[in-house]
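Encoded as structure tokens, the structure appears first; notes follow it.
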Amino acid sequence: MKKNKKIIINSIIGIIFAGAIALLLVVGLKPGNSQSAGKKDQWSKIEKKKTITIGLDDTFVPMGFRDSSGQIVGFDIDLATKVFDNLGIKVKWQPIDWSMKETELNTGNIDAIWNGYTKTADRAKKVSFSKPYHNAPLALVVKKSSGVTKYSDMKGKTLGLQTQSSAETALADQPKILKQYIKDQTAVGYDTFDKAFADLNADRLTGILVDEDYARYFLKQQGTLDQYQIIDGGFQADDDVVGFRKSDKTLQKKVNEQLDKLKKDGYMKEIENKWFG
């Protein structure tokens, strides 16, 4: 009886183990899974489909955002579209949770990150970068009525920023510039900057640490630029780059070649004037 029971138990364990192995194989072979997308150069696949999926935060003006008609527009949209038009490839823009951008890339849900994406040491561990194509200084944005005119005036006051953004990284890496002054030395995190600005407008925040390009464009479009103070300096300006999977060497090379070309032929300057003034 004991022998039969042991045989039955071993059979059940064997079935469970075999099922687990089968499930892992199915997941591993699933299209878009990191097992297939993260270890192989995907250029031939992109070239064959003539489509590339690029991830973005579709609220990040003026780099990539939705206009009043719901169309995705912006500096990065114009630039990426031109790059891939030259390569005979259509861009599919995929809005993503910005805090999950590298995961979305490395699991194959998107093929590139292109949306005011700045180069940092931490991100370099997860992805490869294009050549820098734009310089984005960080700035502290406050209401003029707050009386804040310099970083030290933020002592004991509440700061907001976007989670997993270059602002969050800069605040942590250079604490003596601003972090040492703010309330509890901790910023309030938001998934998008427009939500942070809503709280700033409602006086639930005193300031926001954000890309200066974003701040000026957003406040100008809102018609409230004259009501705010934009305090720059202190933080080192960040380089905007395109993020690729480390295996996508060909895609990286193709984009770099096009960025060089568009700088030389004047297209880059043309869209900089259009979006940044």
Side-chain angles (χ1 to χ4, degrees), residues 42 46-47 49-102 104-105 109-119 123 127-137 162 164-166 191-195 197 210-222 238-245 248 251-252 254-277:
Q42 298 291 304
I46 292 168
E47 192 174 35
K49 290 172 60 180
K50 296 190 179 300
T51 303
I52 185 168
T53 303
I54 299 179
L56 82 161
D57 166 8
D58 62 357
T59 69
F60 194 57
V61 298
M63 308 307 282
F65 63 102
R66 293 188 185 275
D67 64 13
S68 57
S69 66
Q71 294 295 309
I72 294 178
V73 298
F75 174 81
D76 279 335
I77 309 306
D78 285 352
L79 181 57
T81 300
K82 183 68 171 177
V83 163
F84 287 106
D85 274 352
N86 289 349
L87 295 170
I89 291 169
K90 182 179 179 180
V91 176
K92 176 186 175 184
W93 292 99
Q94 179 63 53
I96 58 173
D97 178 344
W98 196 245
S99 67
M100 296 294 291
K101 53 194 173 297
E102 288 86 10
E104 294 278 6
L105 177 66
N109 293 329
I110 58 175
D111 299 308
I113 305 167
W114 198 332
N115 186 213
Y117 185 60
T118 52
K119 184 177 181 179
R123 290 172 177 174
V127 303
S128 293
F129 300 128
S130 71
K131 295 180 177 181
Y133 63 86
H134 177 65
N135 196 256
Q162 186 176 25
Q164 294 295 310
S165 68
S166 57
D191 57 350
T192 61
F193 271 120
D194 56 340
K195 294 178 182 177
F197 269 102
V210 60
D211 286 0
E212 186 174 342
D213 291 335
Y214 177 97
R216 291 191 183 281
Y217 189 92
F218 181 87
L219 294 172
K220 186 176 180 181
Q221 294 300 308
Q222 297 295 310
D238 292 313
D239 288 325
D240 283 343
V241 293
V242 187
F244 309 103
R245 287 181 287 269
D248 280 333
L251 176 60
Q252 181 186 34
K254 297 281 186 182
V255 169
N256 281 337
E257 290 172 349
Q258 287 300 315
L259 290 176
D260 285 341
K261 177 179 181 296
L262 296 176
K263 283 180 182 178
K264 289 178 182 178
D265 69 13
Y267 183 79
M268 192 82 77
K269 179 61 68 175
E270 178 185 327
I271 60 172
E272 283 175 349
N273 289 336
K274 173 183 175 181
W275 292 106
F276 307 131

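Count residues from 1 along the sequence. Since the model is a prediction, treat every value here as computed from it, not as a measurement.
By the 4.5 Å heavy-atom criterion applied to side chains, L259 and M268 are counted as neighbours. Between W275 and D213 the shortest side-chain heavy-atom distance does not fall below 4.5 Å. Within the 4.5 Å cutoff, the side chain of L262 has heavy atoms near those of the K82 side chain. In this structure, the side chains of W98 and Y117 come closer than 4.5 Å at one or more pairs of heavy atoms. Proximity of V255 to F84: side-chain heavy atoms (C-beta onward) are separated by under 4.5 Å at one or more points. In this structure the side chain of L251 reaches within 4.5 angstrom of the side chain of I52, judged on heavy atoms. Contact check for D211 versus M63: no side-chain heavy atoms found under the 4.5 Å cut-off. Residues K101 and R123 are in side-chain contact: their nearest non-hydrogen atoms beyond the backbone lie under 4.5 Å apart.
Checked by atom type, the side-chain pair E104/N109 shows a donor-acceptor distance below 3.5 Å. N135 and D238 form no side-chain donor-acceptor contact under 3.5 Å, judged by distance and modelled atom types alone. Counted by atom type alone, D76 and Y133 present one or more donor-acceptor pairs between their side chains at under 3.5 Å.
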List the steps, then state whether side-chain contact (heavy atoms from CB on, under 4.5 Å) holds for Q222 with F197.
CA-CA 11 Å; Q222 297 295 310; F197 269 102; over 6 Å; no
Check step by step if side-chain contact (heavy atoms from CB on, under 4.5 Å) holds for D57 and T192.
CA-CA 8 Å; D57 166 8; T192 61; 4.0 Å; yes
Determine whether L56 and I77 satisfy the following criterion, side-chain contact (heavy atoms from CB on, under 4.5 Å), listing intermediate values before the conclusion.
CA-CA 10 Å; L56 82 161; I77 309 306; 4.0 Å; yes
Can you give the donor-acceptor pairs under 3.5 Å from side chains of residues 86-94 to other protein atoms, not counting sequence neighbours?
unit_1, atom_1, unit_2, atom_2, d
N86, ND2, Q258, OE1, 2.8

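F60 pairs with exactly one of F65, W114, Y214 by the ring pair (Phe, Tyr, Trp, His ring centres under 6.0 Å) rule, that one being Y214.
Between atom CZ of residue F276 and atom CZ of residue R216 there is a gap of 13.0 Å, rounded to the nearest 0.5 Å.
Distance alone, capped at 3.5 Å, places no donor-acceptor pair between the R66 side chain and the D58 backbone. Judged by distance alone, the side chain of Q252 and the main-chain N or O of S130 form no donor-acceptor pair under 3.5 Å.
Between F129 and V241, the shortest heavy-atom contact is CD2-CG2, 3.5 Å.
Ion pairing between K254 and E257 fails under the 4.0 Å rule for side-chain N and carboxylate O.
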